[in-house]
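Only one structure is covered here, and it is reproduced in the block below.
Since the structure is predicted, the reported quantities are computational estimates derived from the model, not experimental observations.
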Amino acid sequence: VQLQASGGGLVPAGDSLRLSCAASGGPFSIDTMGWHRQAPGKQRELVAAISSGGSTSYADSVKGRFTISRDNAKNTVYLQMNSLKPEDTAVYYCNAYYGLRSWGQGTLVTVSS
């Protein structure tokens, strides 16, 4: 499975961004899709995840600001990020679990203060 992420960029604090990640290389059934992020000098951390049935989970730091969604027909996961803060600056990686786990190449999100 290959994952292609897009949508990162440089925005001022308070702005919004929408990340997308499309999975290809099937046929397969993806269970959970999600986003992690890694800031400079920090460990990679879970941001949000969504199951094939639509159950979601979020890191406490993004609850109420970020929304994860997916289009199962397109094997695509989205991350709507609102009210962005400088501490959200990181490389965001999408991933998919289907018995194995695949990672996308990462997309950089930079939030200026």
Side-chain angles (χ1 to χ4, degrees):
V1 174
Q2 292 80 45
L3 299 173
Q4 181 67 45
S6 61
L10 170 63
V11 296
D15 234 14
S16 299
L17 277 175
R18 188 191 193 210
L19 305 183
S20 300
C21 179
S24 60
F28 50 81
S29 175
I30 297 178
D31 182 8
T32 301
M33 301 186 79
W35 293 90
H36 283 63
R37 68 186 180 187
Q38 187 165 20
K42 295 188 177 181
Q43 291 187 330
R44 189 174 298 191
E45 62 175 359
L46 173 68
V47 176
I50 184 168
S51 71
S52 57
S55 297
T56 59
S57 61
Y58 296 92
D60 287 342
S61 59
V62 307
K63 283 181 180 176
R65 300 187 298 122
F66 291 11
T67 302
I68 190 170
S69 61
R70 66 188 283 176
D71 183 333
N72 290 331
K74 296 181 178 179
N75 282 324
T76 299
V77 62
Y78 306 96
L79 185 68
Q80 178 65 43
M81 306 185 293
N82 298 329
S83 301
L84 282 161
K85 304 175 180 180
E87 50 263 45
D88 294 318
T89 295
V91 177
Y92 284 70
Y93 298 90
C94 63
N95 63 87
Y97 181 74
Y98 49 100
L100 298 174
R101 187 174 297 277
S102 290
W103 292 88
Q105 83 284 8
T107 184
L108 177 62
V109 172
T110 304
V111 184
S112 62
S113 57

Handout entry: Contact summary for A13 and S113, nearest pair of heavy atoms
Key = CB-CA, 4.5 Å
Practice task
Return yes if some donor-acceptor pair links the side-chain N/O of N72 with the main-chain N/O of S52 below 3.5 Å, else return no.
Solution key: yes
Completion exercise
Looking only at heavy atoms, the pair that brings V11 and S16 closest together is CG1-O, 4.3 Å
Practice task
Give, for atom CG of L46 and atom OG of S57, the distance between the pair rounded to the nearest 0.5 Å.
Solution key: 5.5 Å
Problem - same_hphob_cluster(L100, Y97) at 4.5 Å side-chain heavy-atom cutoff - result: no
Exercise for the section: Using modelled atom types only, decide if a donor and an acceptor are shared between the side chain of Y58 and the backbone of I68 within a distance under 3.5 Å. Expected result: yes
Problem - Close side-chain approach of L17 to V109, heavy-atom, < 4.5 Å - result: yes
Fill in the blank from the handout: Smallest heavy-atom separation, S29 atom then Y98 atom, equals O-CB, 3.5 Å
Completion exercise
Output for pair (Q4 CD, T76 OG1), nearest 0.5 Å, gives 11.0 Å
Handout entry: Minimal non-hydrogen separation, Q2 against G25, with atom names
Key = OE1-CA, 3.8 Å
Handout entry: Under 3.5 Å donor-acceptor, T89 side chain and E87 backbone
Key = no
Exercise for the section: Tell me, please, whether Y93 has R37 positioned over its six-membered ring: NZ or CZ under 6.0 Å from the ring centre and within 45 degrees of its axis? Expected result: no
Practice task
Ignoring hydrogens and angles, state whether a donor on the side chain of R65 or N82 is under 3.5 Å from an acceptor on the partner side chain.
Solution key: no
Completion exercise
Interatomic distance, OG1@T56 vs CZ@R70, rounded to 0.5 Å, equals 12.0 Å
Fill in the blank from the handout: Nearest heavy-atom contact between N95 and H36 is ND2-ND1, 3.0 Å
Practice task
Look up atom SG in C21 and atom CG in L3, then write down how far apart they are to the nearest 0.5 Å.
Solution key: 4.5 Å
Exercise for the section: For the pair K85 and D88, find out whether any cationic side-chain nitrogen is under 4.0 Å from an anionic carboxylate oxygen. Expected result: no
Problem - Value rounded to 0.5 Å, distance of CE in M81 from CZ in F66 - result: 5.5 Å
Completion exercise
CG (L84) and OG1 (T110) are apart, to the nearest 0.5 Å, by 10.5 Å
Problem - R18 NZ/CZ over Y78 ring centroid, <6.0 Å and within 45° of normal - result: yes
Practice task
Report yes if the side chains of I50 and T32 come closer than 4.5 Å at any heavy-atom pair, otherwise no.
Solution key: no
